[in-house]
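All values derive from a computational prediction rather than experimental measurement.
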Amino acid sequence: MPNTPSLKLVILREEGIRPEERHTAFKHIVIMLILLAGIFLLHIIGIVLLLVATIDNAWWVTETVSTDVWARWILQNGVWNYTALPTGSFYPEDYLQAVQASSVLACIFSGLGIFVFLAQLFTLQKGQRFTISGIFQLLACLCIMIAASIYTDRFHLDERSGWYGHCYILAWTSFAITFISSIIYFVLRKKTA
C-alpha cells in the first residue's frame, strides 16, 4: 500500500508515539509538501515561458520589424501590419516548419507532464511517481532546444540591423527551466524509491 501523506497524518495522531517523533515526522511532511509545491511552480513557470516563446511575436526584432516563427509584423505609418514570413533563402520552409513543430511539441510535452505529475502523486507507489513527468519534461527540453538551435543556425545570418527578441531569449530560458525540472523529477524519484 502506498505511503500517502494522509496515512502519515493518521500515524502522527496515534497514541504511543513520542512527541519528538511526531514533530520530526511532521517536519518531514511539511518539507515534502513545500518541495512538491516548488516543483509544481517551476513546472508552471516552464509552461508559461514555452507558451510565450511559441506564441508571441519577437524572435527577431529591428526598429520597424518584429518576427516570430509564424509571421512578421512591419511598422508602417505608426501601425504594426501583419505579413507572412518571406520565403526563399531568408526563411527556408523546411527549417521553419521544424522550428514551429518543435516549439509546439515542447508546449504539449510540458503540459502533459504537469497533468501526469498531478496524477502520479495520487496513483503510483513510491519510486515510480516522477519518472513519467521527468520524461515529458526532458522531451519538452529537447524540443525547445531543437527549435532555438535551428532558429539560431538557419535564420537571420546575414542581417546586421536586428537582434534576437525576448521570445528567443525565453525559448532558451525555458530550455534551462525544463531541463532543471526534469533533473529534479529524476532525482526526486530516486530519493523516494
Side-chain angles (χ1 to χ4, degrees), residues 1-14 17 20-59 68-70 99-149 151 164-193:
M1 181 194 291
N3 197 4
T4 61
S6 59
L7 291 175
K8 288 182 180 178
L9 290 175
V10 170
I11 292 170
L12 289 177
R13 289 190 213 129
E14 285 183 16
I17 296 177
E20 54 272 356
E21 289 176 350
R22 277 191 212 152
H23 181 67
T24 303
F26 183 72
K27 279 186 359 183
H28 288 294
I29 291 171
V30 169
I31 289 171
M32 188 60 169
L33 289 175
I34 291 171
L35 180 64
L36 289 175
I39 292 169
F40 182 78
L41 184 63
L42 184 67
H43 201 128
I44 293 295
I45 289 169
I47 290 172
V48 169
L49 291 179
L50 285 169
L51 287 171
V52 170
T54 302
I55 296 170
D56 203 10
N57 62 349
W59 279 63
D68 66 3
V69 296
W70 307 103
V99 171
Q100 292 169 341
S102 297
S103 297
V104 170
L105 280 173
C107 295
I108 291 170
F109 285 139
S110 193
L112 286 173
I114 195 73
F115 288 118
V116 169
F117 169 71
L118 293 174
Q120 286 176 338
L121 282 176
F122 302 108
T123 58
L124 294 179
Q125 294 180 357
K126 277 184 158 187
Q128 300 173 342
R129 285 196 182 138
F130 305 113
T131 305
I132 300 171
S133 297
I135 290 170
F136 275 122
Q137 279 298 88
L138 190 60
L139 288 172
C141 166
L142 291 174
C143 284
I144 199 63
M145 180 193 67
I146 289 168
S149 297
Y151 197 86
Y164 290 109
H166 68 271
C167 290
Y168 175 81
I169 295 166
L170 288 178
W172 281 112
T173 305
S174 62
F175 159 72
I177 288 176
T178 54
F179 181 71
I180 291 168
S181 178
S182 68
I183 296 301
I184 289 173
Y185 282 129
F186 289 128
V187 168
L188 193 60
R189 180 198 151 280
K190 291 289 186 190
K191 291 230 183 242
T192 60

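Pairing each heavy atom of L50 with each of A106, the nearest pair is CD1-O, 3.6 Å. For the pair S182 and Q137, the tightest heavy-atom approach, listed with the atom from each and the gap, is CB-CB, 3.7 Å. Scanning all heavy atoms of the two residues, the minimum distance from A53 to C167 falls at CB-O, 3.5 Å. Between A148 and W59, the closest heavy-atom pair is CA-CZ3, 4.3 Å. Scanning both residues, H166 and D56, for their nearest heavy atoms gives NE2-OD2, 2.6 Å.
Environment of CZ in F179: sparse, with no more than 12 heavy atoms of neighbouring residues, nucleotides or ligands closer than 6.0 Å.
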Show, in sequence, the C-alpha distance, side-chain angles and deciding distance for F130 and F117, and conclude whether the side-chain contact (heavy atoms from CB on, under 4.5 Å) test is met. CA-CA 7 Å; F130 305 113; F117 169 71; 3.4 Å; yes

Can you list the steps and then say if Y185 with F136 is a side-chain contact (heavy atoms from CB on, under 4.5 Å)? CA-CA 10 Å; Y185 282 129; F136 275 122; over 6 Å; no

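To the nearest 0.5 Å, atoms CG (L42) and OG1 (T178) are separated by 9.0 Å. The CD1 atom of I144 lies 13.5 Å from the CG atom of L139; values are rounded to the nearest 0.5 Å.
Taking the six-membered ring where the residue is Trp, W172 and Y168 present perpendicular rings, their angle passing 60° and hence far from 30°.
Looking only at side-chain heavy atoms (C-beta outward), F175 and L49 stay at 4.5 Å or farther from each other.
When atom types are taken as modelled, the side chain of S174 and the backbone of L170 share a donor-acceptor pair closer than 3.5 angstrom. Of the possible donor and acceptor atoms, none in the side chain of W70 sits under 3.5 Å from a partner among the backbone N and O of N57. Side-chain atoms of S181 do not come within 3.5 Å of backbone N or O of I177 as any donor-acceptor pair.
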